[in-house]
There are 2 protein chains.
Amino acid sequence: MPNGTTPKLTAKGKATRGRIVEGAAAVLRERGVGAATLEDVMARTRASKSQLFHYFPGGKDELLLAVAQFEADQVLEDQQPYLGRLDSWEAWQHWRDAVVARYEQQGDQCPLGSLFHQVGRATPGARAIVVELMRRWQDALAAGMREQQAAGRLPSDLDVDTRAAALLAGIQGGVSILLSTGESDHLRAALDQGIADLRRTGEGLALSPR
Amino acid sequence: MPNGTTPKLTAKGKATRGRIVEGAAAVLRERGVGAATLEDVMARTRASKSQLFHYFPGGKDELLLAVAQFEADQVLEDQQPYLGRLDSWEAWQHWRDAVVARYEQQGDQCPLGSLFHQVGRATPGARAIVVELMRRWQDALAAGMREQQAAGRLPSDLDVDTRAAALLAGIQGGVSILLSTGESDHLRAALDQGIADLRRTGEGLALSPR
DNA sequence: GGTAGAATGGACTGCACGGTCCAGACGAAG
DNA sequence: CTTCGTCTGGACCGTGCAGTCCATTCTACC
């Protein structure tokens with residue numbers, strides 16, 4: 001039974017724990033999940049082994065899970081404020097730019113992807129984190145489309161959820177290819193094509209009844 | 001300096017080597033890259049350790065690379081003959097079905113994805129395999145679109161390569177999400193949306209000149 | 001049918017890395 | 001100022017697993 005938090009945490013403890021998670025995240029991005037060791041994390045965060053196991057009694061797996069949650073939150077945060085306010089085609093474009101920039105800068109390390117390749121399908125925890133991230137992401141996209149519907153820039157009978165799912169898939173694939181090849185062409189293509197398709201769907205809608 | 005093949009290979013040797021690669025591929029799919037050990041492979045293929053190192057002097061990494069190549073070839077092969085003959089919208093649909101079926105059946109194990117998460121960005125070999133796979137895949141899609149152009153079912157000025165890139169990204173993302181969540185909705189959505197978008201692009205083209 | 005080289009078996013090694021333990025410093029609360 | 005619990009340091013352990021070595025058997029070729 002995985003309980004949420006270890007024992008009591010004082011202010012100092014909280015800080016240390018946070019330091020460990022952030023440091024571990026950095027190490028994982030650099031070294032990759034397979035290669036990263038607890039000692040790497042210790043060196044990076046200047047924490048002793050007992051600290052690691054003090055804050056993450058479940059050992060490496062629990063730490064990885066914490067990092068995964070941290071990274072997952074980061075993903076959506078990095079898209080704000082654009083992702084939360086997709087109420088014009090310009091806003092969509094800004095969001096697109098933010099996504100491309102974020103992942104181009106991140107380069108070829110996949111904090112999340114590799115994480116649950118390690119902890120992976122086995123544990124329910126890891127999967128839950130990814131599922132939740134995808135859900136929130138897709139919901140945000142769908143919400144943006146609904147705003148455009150409300151503004152009369154998308155047909156009201158558009159299957160928003162499917163469209164959002166397809167767009168999200170395009171992003172994921174683009175990122176995935178970026179990670180393996182180092183080229184962001186596919187990410188750009190997927191985003192541009194997805195948005196263009198959307199815009200064209202709404203074309204000439206202004207003249208439809210109120 | 002990584003040479004292509006070990007020393008001389010007799011017929012028997014070739015068979016054994018092949019057996020090892022296939023067995024290793026199976027083990028990797030089941031256990032995941034991180035968890036799979038050489039001893040697992042030994043058990044599965046009934047090969048001794050010296051055999052492993054006889055055929056793959058580079059050790060585990062070289063074996064993983066061989067498996068990666070094997071799996072990469074498999075991916076495209078599994079889409080044939082549909083992928084090679086995308087000369088009608090029905091053919092595109094058949095291909096779509098084949099892709100969905102293949103990945104739904106594969107379930108939640110990612111032979112390739114996890115492979116180069118392990119060997120990964122570090123080695124040039126792994127990246128090359130993935131890059132090559134993506135290139136061939138995308139080329140096949142682009143070729144299919146060109147056939148549709150030739151048949152007058154797609155505008156001749158369509159930017160085929162970008163469209164193929166976007167579609168490929170959608171597939172990759174759909175698969176990637178399928179792997180993490182177990183749901184194939186996104187893969188279906190990406191494929192259906194991508195193809196529908198394509199078809200709509202070619203709509204009403206029959207009445208164009210000639 | 002003999003020999004050179006490939007193919008196989010399996011014991012052995014080394015060590016990296018996750019995890020445990022205890023001893024001691026620090027901080028909060030009464 | 002005492003006390004209790006959190007926090008930290010670092011030595012220590014066990015082992016799982018990649019990789020090595022040599023001895024033996026099989027295969028091809030003359």
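Quick note on labels: first sequence line is chain A, next is B, and so on, each numbered from 1.
R135(A) and D139(A) are joined by a salt bridge, as a carboxylate oxygen and a charged side-chain nitrogen come within less than 4.0 angstrom of each other. The existence of a salt bridge linking R153(B) and E147(B) is excluded, since no basic side-chain nitrogen approaches an acidic carboxylate oxygen closer than 4.0 Å. Checked for salt-bridge contact, D73(B) and R136(B) meet the test: a charged N lies under 4.0 Å from a carboxylate O.
Across dG18(C), dC7(D), dA7(C), the shortest atom-to-atom separation from the side chain of K12(B) is found for dA7(C).
Here the C1' atom of nucleotide dA7(C) and the CZ atom of R46(B) are 16 Å apart, to the nearest Å. We find that CG of L9(B) is positioned 13 Å from P of dA28(D), with the value rounded to whole Å. Taking atom CZ of R17(A) as the reference point, atom P of dT8(D) lies 13 Å away to the nearest angstrom. Rounded to an integer number of Å, the gap from NE2 of H54(A) to C1' of dC21(C) is 15 Å. Atoms CG (D61(A)) and C1' (dC17(C)) sit 14 Å apart, rounded to a whole Å. Residue M42(A) contributes atom CE, which lies 11 Å from atom C1' of dA11(D) at whole-angstrom precision. One atom, CZ of R31(B), and another, P of dG16(D), lie 14 Å apart when rounded to the nearest Å. Spacing between atom NZ of K60(A) and atom P of dA16(C) amounts to 15 Å, rounded to whole angstrom units.
Proximity of M134(B) to Q138(B): side-chain heavy atoms (C-beta onward) are nowhere separated by under 4.5 Å.
Along DNA chain D, the nucleotide closest to R19(A) and the one closest to T10(B) are compared, and the more 5′ of them pairs with R19(A). If you find the closest nucleotide of DNA chain C to A11(B) and to K49(B), the one lying nearer the 5' end belongs to A11(B).
In this model, the phosphate group of dT8(C) is approached by a side-chain N or O of Y55(B) to a distance below 4.0 Å at OP1 or OP2. Between S50(B) and dC22(D) there is no side-chain polar atom (N or O) within less than 4.0 angstrom of OP1 or OP2. Between Q51(A) and dT8(D) there is a side-chain N or O to OP1 or OP2 distance below 4.0 Å.
Minimum interatomic distance between I129(B) and L65(B) (heavy atoms only, all atoms of both residues): CD1-O, 3.6 Å.
S48(A) comes within contact range of at least one nucleobase, with a heavy-atom separation under 4.0 Å.
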